[in-house]
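To start, the structure under review is shown below, and the notes come after it.
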Amino acid sequence: MSDHLVIDVRGAVKKYGTGQASIYALDGVDLQIKSGEYVAIMGPSGSGKSTLMNIMGALDNMTSGKYFLDGIEISSMDENALSIVRGRKIGFIFQSFNLIPRTTALANVELPMAYQGIKSAERKMRALKALEVVGLSDRVDHEPTELSGGQQQRVAVARALATRPALLLADEPTGALDSKSTHDLLDLFDQINAAGRTVIVITHEADVADRAKRVIRMRDGKVVSDTMNDRRAGART
Amino acid sequence: MSILEIIRFAFRGLSINRLRTALTTLGIMIGVSSVIILIAVGNGSAKSIQSSLDRLGTNSIQVRSNAGGFGGQRARASTANVKPLTILDAVALSDPKQAPHVKQAAPIANSNNTVCSFSTSTSTPSTFSGTWPSYFEASNAKVSKGTYFTTEDVNQSRRVAVIGQTTATELFGTDNPLNQTIRCGGIPFTVIGITEAKGSQGFQDGDSLFLAPITAVENSLTGYQALSSIIVEATSSTTTDLAQTEIQTILDARHKVKNANSRDYRLFNQASLLATSSSNSQVFTVLLGAVAAISLLVGGIGITNIMLVTVIERTREIGIRKAIGAPKGAILTQFLIEATILSLVGGLMGVAGGFIGSQFTIIGVKPVIVPASVFLAFGVSVLIGLFFGGYPASRAASLRPIEALRHE
Ligand SMILES: Nc1ncnc2c1ncn2[C@@H]1O[C@H](COP(=O)(O)OP(=O)(O)OP(=O)(O)O)[C@@H](O)[C@H]1O
Ligand SMILES: [Mg+2]
């Protein structure tokens with residue numbers, strides 16, 4: 001782990017609606033995450049976890065506040081530069097999978113690499129490898145509607161991993177998985193993190209959070225606790 | 001990201017929803033081909049009126065009596081101050097001294113709805129006239145097989161006849177009608193000539209024709225009565241106005257007409273007929289053009305609608321693509337290529353459909369394609385397709401990924 005800050009969020013506020021009806025999904029969040037960290041974000045439903053994740057993934061903008069990704073302020077980048085950042089640096093696993101409809105699992109996994117200009121043969125190889133890692137080798141030619149929820153989630157994981165991103169953002173990646181698949185996926189995250197990549201996971205499940213080295217708790221758009229995971233630290237010694 | 005890759009995405013995008021792709025293409029195709037065909041029909045009808053008028057000749061002037069209504073039959077000929085047209089009128093009009101600009105005149109006595117028969121076949125010529133030989137030149141009718149009847153035939157009241165091709169086919173099929181004897185209204189006539197095919201003249205078949213010496217027709221069928229009309233040929237197309245004045249002078253004197261408003265006859269010349277019918281056919285073309293424009297508009301709205309729905313339906317997909325690193329340019333290019341393929345293919349099929357459809361005779365008109373209408377229809381549909389495929393795609397591609405993703 002280095003001291004280089006991958007994520008540096010300062011005073012993030014996200015407000016939805018105006019006047020009486022307005023709500024603060026984020027209400028002044030400060031968060032610094034160093035390169036190579038493994039962070040779990042927890043909190044009750046509606047506490048702003050996904051909102052924060054979308055901002056960290058450069059998918060959404062803030063009402064006010066600053067966000068530096070790898071030291072570069074996101075709001076200073078134009079849409080095209082952001083596209084490149086999203087494609088090159090970030091692997092995003094959505095809470096709602098977000099696979100392209102009527103497109104095979106393989107094509108879905110290949111897509112981010114296609115936009116990065118990776119040659120067809122190589123990206124097919126990498127996509128097949130990623131699908132194998134998530135245990136879907138026998139489902140590569142299936143379209144999202146022909147896959148179960150858990151299988152779709154694993155395709156989404158494969159898509160995020162195939163580009164070998166430096167930063168992996170996962171919004172409840174185990175939400176649709178059984179305990180075996182959850183376990184396999186967490187092992188995978190451990191490996192990725194061990195290879196030096198930053199992993200940030202939103203989760204409701206304690207055993208998922210237990211694998212992370214740092215746990216952040218949110219409530220009503222605020223960070224209410226930020227602790228190093230002692231059990232895990234203890235287990236390691 | 002290479003352009004080839006984007007083109008592959010575009011084709012995949014189109015193949016994913018084949019029905020929608022097919023319907024869009026069909027919509028564009030129908031819009032384009034109907035515009036081309038409708039304008040071709042308008043143009044074709046204008047052309048056919050023009051050419052049948054050309055065949056009639058522009059030197060001839062028709063004199064019709066106000067008596068007797070249509071066809072100049074005897075019915076109301078006795079009305080006090082209306083004198084029917086007579087052979088003597090025709091003779092007077094043929095006088096080169098009184099009418100120096102009249103080349104020749106021919107009286108016409110029609111016998112309407114006269115049935116002709118030959119063995120078991122029958123035919124009712126739409127024009128059944130007794131006249132003089134000068135009729136042929138004055139009305140631009142040429143005999144292509146056999147001979148004309150002569151002044152001698154008229155003087156002798158010979159029952160000889162020149163018939164049109166429709167009448168010939170109806171009576172004789174493919175057999176040679178010359179020198180055969182047909183019975184018309186029970187009277188035998190020997191066929192001595194067949195006229196050259198004229199085609200339809202307005203709404204009448206110019207080849208459903210029976211012409212015989214006026215004396216023979218009056219003798220045996222109509223009796224000596226008022227003429228249906230007199231056809232007059234001016235010496236040239238530039239002297240029709242002079243000839244017309246001479247005709248009026250002669251007939252006013254013979255019919256004791258006191259002022260021009262109470263004439264008991266009317267003159268029709270081809271030039272004025274030409275003017276009215278070409279303005280009629282212009283109105284027709286404009287009408288068809290308006291219908292075509294409306295169908296292009298409706299087609300355009302159809303294209304717009306499908307393109308908008310397509311893009312809106314795929315806004316979420318656009319959001320996903322952006323979230324995983326697609327630059328705006330790549331997305332826009334993909335959607336523009338999809339729209340281009342749809343509108344080009346639809347447009348080209350429409351042009352092909354227009355050309356094929358114009359090969360058929362539609363409501364009796366042989367369509368003639370106007371090249372400008374092809375470019376107009378094709379251009380408009382392609383532009384509409386590109387704009388309404390491109391514009392919403394560009395808007396969706398400019399959204400933040402999360403906004404596009406929220407789109408249901
Ligand atoms: N587009 C939106 N418009 C209005 N309010 C929104 C919008 N998106 C989120 N919110 C609100 O912002 C708050 C935070 O939402 P967010 O999705 O970040 O919650 P979450 O912590 O991810 O919850 P969950 O665990 O259920 O996924 C919620 O109260 C939600 O209703
Ligand atoms: Mg959430």
Side-chain angles (χ1 to χ4, degrees), chain A residues 14 16 25 50-51 53-62 74-75 78-104 107-120 123 143-144 156 158-160 162-163 165 169 171, chain B residues 1-24 309-338 393-408:
Chain A
K14 179 75 181 178
Y16 286 113
S50 294
T51 307
M53 193 70 118
N54 291 338
I55 286 166
M56 293 195 292
L59 301 176
D60 205 356
N61 55 353
M62 295 177 280
I74 286 296
S75 62
D78 66 11
E79 268 297 312
N80 255 332
L82 285 179
S83 294
I84 293 168
V85 166
R86 284 180 207 123
R88 298 261 151 98
K89 289 192 180 162
I90 304 171
F92 206 107
I93 303 170
F94 292 94
Q95 192 169 10
S96 47
F97 321 143
N98 279 338
L99 300 177
I100 307 241
R102 287 172 283 204
T103 303
T104 63
N108 260 294
V109 177
E110 277 191 47
L111 198 57
M113 292 186 277
Y115 282 119
Q116 282 179 42
I118 294 172
K119 289 268 174 311
S120 169
R123 71 179 192 241
E143 295 178 2
R159 182 175 66 184
T163 58
L169 300 175
D171 195 347
Chain B
M1 177 104 203
S2 72
I3 185 76
L4 269 174
E5 195 89 63
I6 300 180
I7 293 174
R8 283 223 331 253
F9 281 172
F11 272 102
R12 192 180 292 166
L14 290 176
S15 68
I16 274 174
N17 200 333
R18 290 211 171 78
L19 183 64
R20 184 183 63 203
T21 304
L23 285 178
T24 315
V309 168
T310 303
V311 174
I312 289 169
E313 193 185 279
R314 289 169 70 187
T315 299
R316 205 177 140 77
E317 178 190 327
I318 290 175
I320 300 173
R321 285 176 186 272
K322 286 199 76 176
I324 60 174
K328 181 181 170 185
I331 291 174
L332 198 54
T333 314
Q334 176 188 337
F335 275 79
L336 273 180
I337 292 174
E338 285 186 22
S394 138
R395 278 212 353 221
S398 307
L399 288 177
R400 300 202 151 266
I402 210 72
E403 286 166 43
L405 280 173
R406 273 194 202 114
H407 203 99
E408 282 308 328

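Any value given below was found using the heavy atoms of this structure, including those in side chains, with hydrogens, waters and symmetry copies removed. First the proteins, then the strands, lettered A, B, ... as listed; each starts at 1. Small disclaimer: the values here were computed from a predicted structure and weren't measured.
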Which atoms of [X] are under 4.5 Å from chain B, going by heavy atoms: the side chain, the backbone, both sets, or neither?
| X | result |
| --- | --- |
| R159(A) | side chain |
| L99(A) | backbone |
| D60(A) | both |
| N98(A) | both |

Roughly how far, to the nearest 0.5 Å, is OG of S15(B) from CZ of R102(A)?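 R102(A) CZ to S15(B) OG: 10.5 Å, rounded to 0.5 Å.
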Minimum heavy-atom separation for [X] to [Y], with atom names?
| X | Y | result |
| --- | --- | --- |
| Y115(A) | G325(B) | CB-O, 3.8 Å |
| A323(B) | F94(A) | CB-CZ, 3.6 Å |
| R12(B) | A107(A) | NH1-CB, 3.6 Å |
| S83(A) | P327(B) | OG-CA, 3.5 Å |

Within the 4.5 Å heavy-atom criterion, are L82(A) and K322(B) side-chain neighbours or not?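 Answer no - side chains too far apart.
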Got a sec: does the CZ of F11(B) have more than 12 other heavy atoms crowding it under 6.0 Å?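 No - once you tally the heavy atoms of other residues, nucleotides and ligands closer than 6.0 Å, there are 12 at most.
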Take a 6.0 Å sphere around CZ of R395(B) and say whether it holds more than 12 heavy atoms from other residues, nucleotides or ligands.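 Not more than 12 within 6.0 Å, no.
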Check ion pair R123(A)-E5(B) (N to O, under 4.0 angstrom):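 Salt bridge: yes.
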Measure distances from R316(B) to the heavy atoms of chain A and classify the residue's part below 4.5 Å as side chain, backbone, both or neither.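 The side chain, not the backbone.
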Can you tell which of L111(A), N108(A), T163(A) makes a side chain to side chain contact (heavy atoms under 4.5 Å, CB included) with I324(B)?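 Of all the options given, the one that passes is L111(A).
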Highest number of heavy-atom pairs under 4.5 Å with chain B: which of I118(A), I100(A), T103(A), N80(A)?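 Of the candidates given, the most pairs with chain B belong to I100(A).
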